[in-house]
Amino acid sequence: MGASREGTAGVHGHRSADESLLDDEQVMLGNDPGGMLRATASAGAQVRESAALAAETDLSMLEDEGRPRAVVVAGIGTAGLTGSILATVAGPRCPVPIIGHRSSGVPGWVGAADVVIAVSASGRSPEALAAADAAARRGARLVAIGNPDSELQAMAERARAPFIQVPRRAPARASLWGLTVPVLFAGRALGLVKLAEADLAETAIRLDADAERCRPGAESFVNPAKSLALGLAGSIPIVWGSSPLATVAARRFADTLAANARYPVMAGALGEAGRGRVGLLDGVFGGLAESNRDIFADSEDDEAGQTRLRLVLMRDGGLNPEDEADEPVAVEERRADAVQTLAERRGVRCDVITAEGGSTLERLASIVAVPDFASLYLALAHGLDPMAVPAISEMKELSNPMPEARS
């Protein structure tokens, strides 16, 4: 086991990942005092709880007033990703634009013909509060989603707008499904998505099954999340999605790798990557680095002096190749096959995660769950606490206005 180091900001951890740290369940849980593994394993329970709470909320106002001109989903971080998920589940045939807004307030064009969904796990995010306030002032229909008894709930009540409570039991980045399901319920009330009870049940079952496969006590050779984490250790990950759904999962993985494991990541759509960023496979961290690899050298010695790319490819395949889409499934699949071939030719290692399931929501869950756990195991392999991120706290302290000095 490598010696623990202390960074210049007092952050403790190991520069190199230590696989032995993932072999002892008790050691792992001790290094996760905030319970991020437990919170991530609750994803299926989040789906069930948030669906029950959303079903209890009166959304008839949304149904009665008909289809909006546009829907704006306002939130930051994980809350902001829920807008992309709503757009993905709604699909290319959605009759109105669904726009994610990840800054304060709302776009300047928002008015009485539009709907604003303000999302905040804590119920006190400045971005969500500003969006709710702007929506109320402009006469837009408002739906608020967040922690009960919060400032966001009070603001929704003043605006006589529906509020869907999501009790906060974990940090926002471990609460993706608790925040997503109420957004989908709002989309269903607006007639934008088809969300069957069976879809929710199957998604929850899928998340439960993946949590069992990725449980801390499962050894690396049978735990897909630990295997993925150890494969990514010491690399520069690139995560590409073959379809709009897979791209949402790719961006989610990039977010969790950055927040939990503190790894720099590039993520995006494979179609866009094929117009330029695929050239990274030829670069100094890609093909050029791999050409210098000594196949006879000890793996630890070989890896120590060379940082390399590691490609993670999220593949979808679509539910029905005959469905109308922005791009035919066959084109997406050929592109995914091509990038795998390019990586193989250059010696760049590639992990492939393929969507499964009978609904769009379940398919998304199938390519989000294992990477979520992998980001935690990668952090733990480096001796990092995946919940405690000192830089976030310091950033808030440094960027908030200083209180006025008292005379």
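Considering V352, I353, I367, L270 in turn, V352 is the only one that fulfils the side chain to side chain contact (heavy atoms under 4.5 Å, CB included) rule with R315. Screening L288, L309, L311, D282 for a side chain to side chain contact (heavy atoms under 4.5 Å, CB included) involving R346 leaves a single residue, D282. Exactly one residue among R141, R69, R67 makes a salt bridge (charged side-chain N to carboxylate O under 4.0 Å, His left out) with D114. That residue is R69.
In terms of modelled atom types and a separation under 3.5 Å, the side chain of S227 and the main chain of F221 share no donor-acceptor contact. Using modelled atom types, one side-chain atom of S242 and one backbone atom of D316 make a donor-acceptor pair closer than 3.5 Å. R251 places no side-chain N or O within donor-acceptor distance of the main-chain N or O of V248, the cut-off being under 3.5 Å. With hydrogens and angles disregarded, a donor-acceptor distance shorter than 3.5 Å links the side chain of R138 to the backbone of G108. Side chain of E362 to main chain of G358: a donor-acceptor pair is present (N/O by atom type, distance under 3.5 Å, no hydrogens or angles). In terms of modelled atom types and a separation under 3.5 Å, the side chain of T57 and the main chain of L53 share a donor-acceptor contact. Between the side chain of S84 and the backbone N or O of G80 there is no donor-acceptor pair closer than 3.5 Å.
Once rounded to the nearest 0.5 Å, the distance linking CE of M36 with CG of L29 reads 14.0 Å. Here the straight-line distance linking atom CG of D372 with atom CZ of F253 works out to 8.5 Å at 0.5 Å rounding. Between the CG atom in L86 and the CD1 atom in I99 there is a gap of 11.5 Å [rounded to 0.5 Å]. To the nearest 0.5 Å, atom CD1 of residue I164 and atom CZ of residue F185 are 8.0 Å apart. Of the inter-residue distances, the one linking L200 atom CG with S359 atom OG reads 8.0 Å to the nearest 0.5 angstrom. Rounded to the nearest 0.5 Å, atoms CG (L342) and SG (C350) are 10.5 Å apart.
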Notebook entry, point to check: Between E356 and R206, is a salt bridge (Lys or Arg N to Asp or Glu O under 4.0 Å) present by the stated rule, with each step listed?
Noted result: CA-CA 9 Å; E356 300 176 348; R206 170 80 58 175; 3.0 Å; yes

Next item on the list: Start with the C-alpha gap between Y377 and M28, add the side-chain angles, then the distance that decides, and say whether side-chain contact (heavy atoms from CB on, under 4.5 Å) holds.
Entry: CA-CA 9 Å; Y377 287 128; M28 252 190 304; 3.5 Å; yes

Margin query: Let's go through R308 and V348 carefully: what are the C-alpha distance in whole Å and the side-chain angles of both, what is the deciding distance for side-chain contact (heavy atoms from CB on, under 4.5 Å) to 0.1 Å, and is it a yes or a no?
Written below: CA-CA 8 Å; R308 298 180 172 89; V348 175; over 6 Å; no

Next item on the list: Could you please spell out the steps behind the side chain to side chain donor-acceptor pair (under 3.5 Å) verdict for Q46 and S42?
Entry: CA-CA 6 Å; Q46 289 179 34; S42 74; 3.1 Å; yes

Margin query: Walk me through whether Q153 and E157 qualify under side chain to side chain donor-acceptor pair (under 3.5 Å).
Written below: CA-CA 6 Å; Q153 179 173 11; E157 290 174 351; 3.3 Å; yes

Notebook entry, point to check: Can you check salt bridge (Lys or Arg N to Asp or Glu O under 4.0 Å) on E332 and R335, steps first, answer last?
Noted result: CA-CA 5 Å; E332 294 175 354; R335 187 183 291 125; over 6 Å; no

Checklist line | Evaluation steps, side-chain contact (heavy atoms from CB on, under 4.5 Å), between R102 and L81 | finding: CA-CA 9 Å; R102 301 192 182 198; L81 189 64; 3.9 Å; yes

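Residues V116 and V110 form a side-chain contact, since some pair of their non-hydrogen atoms from C-beta on lies under 4.5 Å apart. Residues P244 and T247 are not in side-chain contact: their nearest non-hydrogen atoms beyond the backbone lie 4.5 Å or more apart. A 4.5 Å side-chain heavy-atom check between I117 and T82 finds every atom pair outside the cut-off.
With salt bridges taken as basic N to acidic carboxylate O contacts below 4.0 Å, none links D255 and R252. Salt-bridge check for E25 with K226: failed, with every basic side-chain N at 4.0 Å or more from each acidic carboxylate O.
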Using distance only, find each side-chain donor-acceptor pair of residues 171-183 under 3.5 Å and give its atom names and separation, not counting sequence neighbours.
residue, atom, partner, partner atom, Å
R173, NE, N260, OD1, 2.6
R173, NH2, P386, O, 2.5
R173, NH2, M387, O, 3.2
S175, OG, A170, O, 3.4
S175, OG, P171, O, 3.0
T180, OG1, L176, O, 2.8

